[in-house]
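Working notes, beginning with the structure itself.
Just so we're on the same page: letters track the sequence lines, and every chain starts at 1.
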Amino acid sequence: MTNTQRTLGAAAVIPIVAVALVVIFPNQQAFLAQIAITALLVLSLDLVVGFAGLATLGHAAMYGAGAYAAALYSLHVWAEPLTGLVVGILAGGLVALVSALMLMRAHGLTFLMMTVAITQIIYEIVNKSRAVTGGDDGLYGIMMQPLFGRFEFDFYGRLAFWYAAVVLWLVFLLLRHIAASPFGLTARAVRDDGGRVSSLGGGIFAHRVALYTLSGGIAGLAGALSAQTVQVVGLNTLSVTYSAEILVMLVMGGTGRLWGALLGALVFMMIHHYAAEVDPVRWMLFIGAMLVMIVLFLPKGLFGGLEAAVNRLREGART
Amino acid sequence: MNNLLEVRNLSKSFGGLQVTRNVDLTIAPGDRVALIGPNGAGKTTLVNLISGVLDPTGGEVMLDGSKVTALSQRQRAHRGLIRTFQITRLFHSMTVADTLRVAAIQKNGMTYRFGWGGRSADLIEKSVERVLTDLRLQDRRDNDVSLLAYGEQRLVELGVALIMEPRVLMLDEPAAGVPQSESHIIMDAIENLPAELGVLFIEHDMDLVFRFARRIIVLVSGGVFCTGTPDEIAANEDVRAMYLGEAS
Amino acid sequence: AETVKVGVIGPFSGPFSGSFGEPFRQGVETYVAMNGQPTEDIEVEFIYRDLQAPDPGRARALAQELVARDGVQYLAGFVFTPNAIAAAGISAQAKIPTVIFNASASAVVSQSPYYVRTSNTLPQVSVPTAQNALEKGYRTVVTAVSDYGPGVDAETSFVKAFEAGGGEVLETIRMPLSTTDFGPYLQSIQLQEPDALFVFLPYGPPTYSFVNAYRNNGLDDAGIAFVGTSETQEVDLQSLGEAAIGLETGYFYSAAHESPENEAFKEKLAELFPDAEPNPATVSAFDGTHALYEMIRATEGQPDPDAAIAAISGASWESPRGPITIDAETRDIIQNVYIRVVEQEENGRLVNREIKTYEAQPDYGVQD
Amino acid sequence: MAKEIAWNSVDAGYGRTVAVEGITVRLSAGEKLGILGRNGAGKTTILRAMMGDAKVHHGTVEIYGVDVTGMPAYQRNQLGVAVVPQTRDVFRSLTVRENLIVASAERDRTKLAVKLFPRLGERMQNLGADLSGGEQQMLSIARAIMTKPDFLMLDEPLEGLSPTLAQDVMKSVRKMVEETGLGCVLVEQHVATVLDFCDRALVVQRGQMVFSGTTDELRGRPDVLESAIGLSAVSSENE
Amino acid sequence: MLSLIASILIDGISYGLVLFMVSVGLTVTLGLMRFVNLAHGTFAMVGGYAAATFVTALGLPYVLALILAAAVAGIIAFGLEIALVRRVYARPELDQVLLTIGLVFMGIALSGMIFGNSLVPIRLPEFLRGSTDLGFRSMPTQRFVPLVLGLLSLAGIWLLFERTRFGVKLRATVDNPRAAGELGINTRRVYAAAFAIGAALAGLGGVAGAELLPVEPYYPLKYLVLFLAVVAVGGPGNMAGSFVAAILLGTVETAGKYLAPEFATIALYALMLIVLSWRPEGLFQRSSKT
Ligand SMILES: Nc1ncnc2c1ncn2[C@@H]1O[C@H](COP(=O)(O)OP(=O)(O)OP(=O)(O)O)[C@@H](O)[C@H]1O
Ligand SMILES: Nc1ncnc2c1ncn2[C@@H]1O[C@H](COP(=O)(O)OP(=O)(O)OP(=O)(O)O)[C@@H](O)[C@H]1O
Ligand SMILES: [Mg+2]
Ligand SMILES: [Mg+2]
């Protein structure tokens, strides 16, 4: 396969899967929209976890910032969706930029706990600003204008899903491009041995800040999509628990590969949803066991496992 | 003559332990200086001080006549002061070619490019190719560095430094772990460097030191014990007793 | 027979399953066991969906899916305000009558014209509690509530009512939800020597720690009375143990309420679920199921949301908690609030003994 | 039981790859075996197969006639084999003293280590990570000796040591071999050192054993030295 | 004023001791063993349930129940170590995260099924109930449990890990498992023992801290951040560091509660942020003694 073929192939995956999902689950588009938005968020998380090698429990800070910013923008300024997305990106990016200045010298457990601290502080502040944010009751009353002035957001979530899926698709293509670029290659080098990169004259602090801000911007974008399609923003968007949940999705899918983020979000949400539907009381036992199994039997995550399986099939076909 | 690198009265202590004592040294364009001395004499520490990994407790480092003591390792690297590490430090998730590419990206200030393409990208590919050829690593270009034998990793470590086109190059035991039979690849590569480059290298292999160095600095207990041409050093009884032993 | 589907969304797993999810299900099933099907040829099917915590996105997706895929005619449940509000969009647009079993912010019911509530709001219980405090002669109080929606509602309405009655509020403390050690708050309250301490905390661990800390930091010895609302609710009561004895609270349901309806309810509940405690949440779901039945009967199982809502608006009945009415205008509940004191029975079990009744309390609403 | 260790037609490697093939060699107490070969030829892999760090795909490794192929490394060490790894592997977060104590078979043999390397005596309270390269090498050698092995495998032990110290180390090892009957495997880049120190030698090329015999025989095989090690002028080196 | 400061210190230190007790096991498993053990709270919870069962159902004395509870947690952990945990020591940290989160989920579901979803109190013996008069104020008597156990475990752990060969072996194994094995250390046994000890301490902490952090199925997730904070601020693997960190965090949060009640949580996290920015390796760190 040539490079162009491969790129085209990769580009086709998301649209094909999106159509397939709509065909299989025609009456659950609000749920599918949730999956697309979560996948976008997990994708942005992969930039921090996979590309920068930093485990974080604070990614929701940027997601929540994007969600609240987009919600407030639509309530008080303009209910136009696309500019709302830009507001979300800016809010997420700004929160990331400011916290990166504190965070980007730390790593490991220290980094993890600092992200927790930042997220908790933001959470408390938003909780206390009830007049603006609605506090724990949530921020509600969001009514979006039609997309492009033409397409109405329906309560079935049809538009919501396609809107989220297209954004996800574009961001995915963009990140694939970036991953292969000098910036992306440097990111991997910084992750492997930052000190070595400085000895070559690379500015690792600035690079990490840039990467974190990029990731924060995308997380903010996901937050804005969520605010616009759900029409309510709750404090849960800012919680450490939610950060942990998306981290689990990413690790389950496989880190550092982008595909893993998509697969992790899709599979986790699907299994969670259906396990909880089959047994609303005991599904956690099932999910827990599944995570343990994945660690034991798929050391490179779902995507790694998938890849290995495909390779084995190919080898089998050849011989 | 203008000195590329000048070190004045450099000192370093860890707690109560003084590891570098009032070291003076200069490197001029074209210099090939060997730094030798017993284990723990402070050779690596001196390179760390010059390259900016460690902060000195006293003294100055000058590059091209201007003080760089306050500059970071990164800034010094930008001014052409490049070093290798005694224990290889490579990017363990990368292939040989990518490792070299990373270095070339830093060299050419392309860190914030979000795509390839353009003339500088060709430049990078060309320099990567050249270094691979010089070090006879073409076969290994797409191998993961972490899976190479140690000796080959040493070659890549050197390649990373070479691609930076340094003006002053400091090598910490570049040939350690490389078989005698193959150390000439490394030495050839260094020999083929532009003549105006200044090279400081640490080595315990006296064959290489005497073959390659034009000047030798002997460091003992953190201080400069003596300096001289290879012949002078080889003839020095004290150095023989303390360091060289019966060999050579 | 024709099947009418009802989707019940609530925390059937997770940290809130003990105080809400399980009671919801028990309340529904007890009602069904006591009353059979609404009519001979209508069968109700309840579909339970787990929603552990506040998460508007999931709430909306679950509601949408229940309506579009599973074809439910009614929705019910909802513990957390943001979830109820997120589902309101679906309820309003798809015209799905929905019975709120818990979510207690005043604003919830107004979010959809098809919302009905059978639980309570915090002003509803806090205002009579404040009146009772005044009547008992407490002149000064400090309020200590958890810093979240219900806590803030409770504080605001209590303070308003207490001050309106001539009392003085020395300090209002909002304690972060994650607080585990309440000792310092209680020590500093003690220094202010108020007559009483008004409290609102979420169920479970915080209540447990707080009540123990109230006892162990010697506030009772210092004569600072405990004025609570839901702290001694049945799900926590037995684990609170001795520390709870003598605490006085104002709330809408006590398992010790003396009425034939309550006795029948408790008996059936114990028969179906031997380990279950009759809890306010159980009764809210029980009455919520009654409301659903009323709507189903009125529409003969046909999807006619407006007729359904019209049928329940203004309805009154005798609940295990006492007489209740669904306000014809607001579709919110009107009910008695009882002042209760925790006593130990012969068999060692603790009960909330009702000692005073404030009748037919509406939602007093809060604006902050 | 014979005091010997043996590789019996061993194929070994990492994961699915095979790095060395058909290695067969035996070593008795008091013998000194040298292993020579170019970068990546598989020298380290041979030692690792003995300790269980490389995967043995085929064949067996034996210690004192016991097939140890599936055994965990600590048991192999307790049977009497120790290794000084090429990467030194000092415990970076432990002090020098702790590095030595942890390896000591008996209560406290650190005095022995200090006698061998006085420099270590001055650095007892330093963390492993703070040692110089040569000091780490000393520590790694001393530590292996602390376990009181019957067989000691040294993977390029002289790398990074000053010439005087390198001579001292070889002298000490020779003394141990002579006095305690230690068996010794030496992987070395310096052909001269091997020819000078060892009784027997093994030459590997691209994972294959291309020579196995006494060092005297090896001296007479310029072809092997030429092709497998790339040395044309061994004799001149040796003078 | 003086009594305010005294109150802050008394409440702060006694809260800090509770924090120390509930995280002390994690300083072993995460700190010393470098195993990202997010399931720490699960073992604490196991200890709590065990103690509650021993006291309520079997009528055992509190102190005995405490010791048995620690043993139960240790034994369960030992089994899990052999079956699952040891397979992931050498794997990336995130795999350890996934595994232990999986264990947490399973623990939550199982304990809910066995013990119900409400909290389970551990009945205190008469001599630990009520309050103790300190002269100018009173303090819950139960707080002496974490005080005594905290100091005992601090001393015990310090001796075990800093002063015995087992401790050095563990640290060597963590540092470089391959080299440790080649030097004759039975690394598997060392790890299994250390993991069980960490879990036993967790169990002890679960019981000692149960008045403030009551035992219920969600215990392991609810207080995870608290446990991690103590270890991170103290410097992973540093016992004394964790102790000081716990007291510091406890005192600062307590001061917040007295002085700015609504901002106590923010104060706690701000402190964490400041300490970690200032000392990324935690308050204390091993270094050469030159
Ligand atoms: N961990 C590993 N995983 C995969 N392959 C490896 C690994 N270590 C070494 N190899 C490969 O095995 C082969 C033999 O390596 P080995 O380290 O045994 O060589 P060596 O003779 O010791 O070389 P050197 O002189 O450089 O130390 C090499 O091709 C190397 O790339
Ligand atoms: N961070 C540190 N703390 C304490 N002592 C240190 C530290 N770093 C180095 N040293 C000591 O300083 C001395 C000099 O070390 P250095 O690495 O410079 O030696 P070297 O000359 O390069 O030796 P070698 O030839 O063995 O590599 C050594 O004794 C070492 O133990
Ligand atoms: Mg050195
Ligand atoms: Mg080797």
Select one option (side chain, backbone, both, neither) describing which atoms of [X] are under 4.5 Å from chain A's heavy atoms.
X	result
Gln96(E)	neither
Ser277(E)	both
Leu30(E)	side chain

Interatomic distance, [X] atom [atom1] to [Y] atom [atom2] [nearest 0.5 angstrom]:
X	Y	atom1	atom2	answer
Thr265(E)	Glu124(A)	OG1	CD	4.5 Å
Trp283(A)	Phe105(E)	CH2	CZ	6.5 Å
Leu94(E)	Leu247(A)	CG	CG	6.0 Å
Tyr269(E)	Ile122(A)	OH	CD1	13.5 Å

At a 4.5 Å cut-off on heavy atoms, which part of [X] comes close to chain E: side chain, backbone, both, or neither?
X	answer
Leu103(A)	neither
Thr255(A)	side chain
Val248(A)	both

Close contacts, [range] versus chain E, judged by heavy atoms under 4.5 Å:
range	value
residues 258-275 of chain A	none
residues 203-215 of chain A	none
residues 284-300 of chain A	Met284(A), Leu285(A), Ile287(A), Gly288(A), Ala289(A), Leu291(A), Val292(A), Ile294(A), Val295(A), Leu296(A), Pro299(A)

Look at [options] and state which one has the largest set of heavy-atom pairs under 4.5 Å with chain A.
options	result
Pro92(E), Gly235(E), Gly112(E), Pro280(E)	Pro280(E)
Val88(E), Val275(E), Leu273(E)	Leu273(E)
Leu99(E), Leu98(E), Asp95(E), Leu276(E)	Leu98(E)

Contact list for residues 236-263 of chain A, test salt bridge (charged side-chain N to carboxylate O under 4.0 Å, His left out), sequence neighbours left out: Arg257(A)-Glu307(A)
Of all of Lys128(A), Met102(A), Met252(A), which one pairs up most often with chain E through heavy atoms under 4.5 Å apart? Lys128(A)
